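None of these values were measured; they are calculated from a predicted model. So you know, we letter chains A, B, ... as the sequences are listed, proteins then strands, and number each from 1.
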2 protein chains.
Amino acid sequence: MQYTKSTGYALHALIHLAQKDSGQYVGIKELSAALVVSESYLSKIMSKLRQDGIVRAVTGASGGYELARSADRITFLDVIQVVEGRQHLYECFHGEESTPDAIYDMDSEECLVKKVMIGAEMHLHSYLEQHTIQGVLDAAAQRGSRAGNKKA
Amino acid sequence: MQYTKSTGYALHALIHLAQKDSGQYVGIKELSAALVVSESYLSKIMSKLRQDGIVRAVTGASGGYELARSADRITFLDVIQVVEGRQHLYECFHGEESTPDAIYDMDSEECLVKKVMIGAEMHLHSYLEQHTIQGVLDAAAQRGSRAGNKKA
DNA sequence: TTCATTATGGATCGTTAATATCCATAATAG
DNA sequence: CTATTATGGATATTAACGATCCATAATGAA
Ligand code: SF4
Ligand code: SF4
């Protein structure tokens with residue numbers, strides 16, 4: 001149970017893009033150099049982000065990527081769901097006939113075990129969608145403005 | 001990002017055990033039959049649960065498994081951490097030298113990206129440790145006592 | 001137009017994790 | 001002593017992850 005490296009790459013790439021001005025395209029070369037990851041692999045991730053409308057891409061000379069919407073409307077949940085897919089935290093393993101035990105109500109979505117896990121998922125998602133790319137930038141800016149008293 | 005089937009098996013097996021009286025051992029045969037999963041595989045999972053003190057096991061004739069402590073002190077988080085391991089939701093991918101960008105404070109644990117993900121993990125864990133095996137049983141009992149008005 | 005640049009998508013490949021089974025061994029009740 | 005039952009090692013299969021290469025298309029600039 002761990003997010004893949006791709007999620008980390010995606011988040012960092014988006015933060016990099018968010019620091020540029022709108023209309024300023026950033027190529028895969030600059031991105032992969034900043035994150036220290038191969039162009040080939042990162043481009044796959046960027047392509048996914050584009051398909052889901054998180055970034056825009058322009059091919060050709062002086063092309064590249066830019067955010068498709070403002071950084072405060074790109075949540076961690078958005079990014080994670082694009083990269084990781086929209087699978088559920090918990091997947092049931094029995095079919096219609098193989099009821100493991102009598103205490104569960106298998107009808108529709110009424111199973112109590114499943115309900116707990118769905119609750120967990122909703123809690124997690126609720127947190128993740130309250131945190132945006134812009135949020136990270138803001139927090140960094142605040143820290144920066146607290147003078148140079150961070151170490152020494 | 002999904003819990004493995006093993007977590008599902010473990011949770012269901014524990015619920016099965018929790019419905020038995022204390023001192024009554026349940027063999028792997030009964031458990032695997034109830035969950036519709038092979039004895040071989042389930043026994044591995046039960047062995048893990050024993051190593052972590054969730055269940056007790058007795059070898060030999062008329063042996064089997066029982067809960068090592070009361071069902072209201074076995075949380076979903078306990079079970080998940082035993083089966084899935086205690087890995088973090090998010091793992092950083094760069095070393096000391098390859099700082100991806102200047103806005104992060106790499107010193108110690110102060111990175112703002114990491115901080116968001118650790119927050120997500122804490123939220124998730126907080127929810128999961130508030131839900132116990134006994135909690136599922138209680139909810140099922142309540143539902144059962146609400147007469148047979150559930151369907152028809 | 002032509003060329004260099006840049007993103008895209010398909011194909012492929014190695015590594016790791018998850019799932020699953022088999023068997024030899026040890027422990028225990030009867 | 002014997003049947004029963006859990007344990008741990010070894011192994012096999014499958015799927016996911018991580019990563020690379022290349023052919024293609026699109027675009028700005030010469
Ligand atoms: S969680 Fe509920 S519905 Fe899902 S496999 Fe278990 S008993 Fe069945
Ligand atoms: S989350 Fe922070 S510490 Fe971790 S890789 Fe990213 S920048 Fe580095």
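B/Gln2 and A/His88 get closest at one heavy-atom pair: NE2-O, 2.8 Å.
Between A/Tyr90 and B/His12, the two ring planes are parallel [angle under 30°; tilted spans 30° to 60°].
Across B/Val55, B/Ile15, B/Ile54, a single residue satisfies side-chain contact (heavy atoms from CB on, under 4.5 Å) together with B/Ile74, and that is B/Ile54.
The nucleotide whose nearest atom lies closest to any side-chain atom of B/Thr59 is, among C/dA27, D/dG8, D/dA26, C/dA27. Nearest to the side-chain atoms of B/Lys5 among the listed nucleotides C/dA20, C/dT8, D/dG18 stands C/dA20. Checking D/dG8, C/dA7, C/dT28 against every side-chain atom of A/Ile28, the shortest atom distance belongs to C/dA7. Across D/dG18, C/dA20, D/dT7, the shortest atom-to-atom separation from the side chain of B/Tyr65 is found for D/dT7.
Remark on DNA chain D: of its neighbouring residues A/Val58 and A/Tyr9, the 5'-side contact belongs to A/Tyr9, judged by nearest-heavy-atom nucleotide. When each of A/Ser62 and A/Met1 is assigned the nucleotide of DNA chain C with its nearest heavy atom, A/Ser62 is the one assigned upstream, toward the 5' end.
In this structure, CD1 of A/Ile45 is placed 15 Å from C1' of C/dA7, rounded to the nearest angstrom. Computed from coordinates, the A/Glu30 CD to C/dT6 C1' distance equals 14 Å when rounded to whole Å. In this structure, A/Gln51 atom CD and C/dG10 atom C1' are separated by 13 Å, rounded to whole Å. The nearest whole Å value for the distance from the OH atom in B/Tyr41 to the P atom in D/dT13 is 17 Å. Summarising the geometry, the separation between CG on B/Leu42 and C1' on D/dT5 is reported as 14 Å, rounded to the nearest angstrom. For B/Met46 and D/dT7, the CE to C1' distance is 13 Å, given to the nearest whole Å. For the pair B/Gln87 CD and C/dT16 C1', the computed distance is 12 Å after rounding to whole Å. For the pair A/Tyr25 OH and C/dT8 C1', the computed distance is 16 Å after rounding to whole Å.
In this structure the side chain of B/Lys114 reaches within 4.5 angstrom of the side chain of B/Cys92, judged on heavy atoms. At a threshold of 4.5 Å between non-hydrogen side-chain atoms, the residues B/Gln134 and B/Asp138 count as touching.
If you check every strand for non-hydrogen atoms under 4.0 Å, B/Glu84 touches nothing. Looking at heavy-atom distances under 4.0 Å, A/Glu39 makes no contact with the nucleic acid at all.
Between A/Arg50 and C/dT6 there is no side-chain polar atom (N or O) within less than 4.0 angstrom of OP1 or OP2. Side-chain N/O atoms of B/Thr4 include none lying less than 4.0 angstrom from OP1 or OP2 on C/dA17. Put simply, A/Ser47 has a side-chain N or O that comes within less than 4.0 Å of OP1 or OP2 on C/dG9.
Between the side chain of A/Glu91 and the main chain of B/Lys5, no donor-acceptor pair closer than 3.5 Å is present. Looking only at distances, a side-chain donor or acceptor of B/Glu66 sits under 3.5 Å from a matching main-chain atom of B/Gly23.
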Quiz item: Where do B/Tyr41 and B/Ser6 land on the side chain to side chain donor-acceptor pair (under 3.5 Å) test, with the steps shown first?
Solution: CA-CA 9 Å; B/Tyr41 194 50; B/Ser6 294; 2.9 Å; yes
So which protein N/O to nucleotides 22-25 of chain C N/O distances come out below 3.5 Å?
none

